[in-house]
Amino acid sequence: MTTIKQKNTTSAMNDDTKPLFAKDYNVYINHTDAGGIVYHANHLVFFENCRRDWFTKLGLNGYFCRLTVVKYSILS
């Protein structure tokens, strides 16, 4: 049986190296291949979840964060 010991990295950081946003995510067996490596497409899922959670922490609607595009037509 393998025991994983997590170390507290936030206590060793000073204000200069502190990340803008940090959150822990669980990696489940369905995210990995037979060798236990995270499947490459799931990296995008984790990235999107992190982006959404960061925007939510900032008070933005991170799930539907879109720019308004205005189209102009020139009539001659």
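Excluded from the calculations below are hydrogen atoms, water molecules and symmetry mates; all remaining heavy atoms, backbone and side chain alike, are included.
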- Indicate, with yes or no, if I37 and Y39 share a hydrophobic cluster defined by side-chain heavy-atom contacts under 4.5 Å among Ile, Leu, Val, Met, Phe, Trp and Tyr. no
- Heavy-atom pair with the smallest gap, counting every atom of N42 and H31: ND2-O, 3.0 Å
- Could you tell me the separation between the CG atom of N49 and the CG atom of D53, rounded to the nearest 0.5 Å? 6.5 Å
- To the nearest 0.5 Å, how far apart are CG in L60 and CZ in R52? 14.0 Å
- Message: Return the CG to NZ distance between L20 and K57, rounded to the nearest 0.5 Å.
- Response: 9.0 Å
- Message: With clusters defined by side-chain heavy atoms of hydrophobic residues (ILVMFWY) lying less than 4.5 Å apart, directly or transitively, does F47 cluster with W54?
- Response: no
- In terms of ring plane angle, is the pair F46 and Y25 parallel, tilted or perpendicular, where the classes change at 30° and 60°? tilted
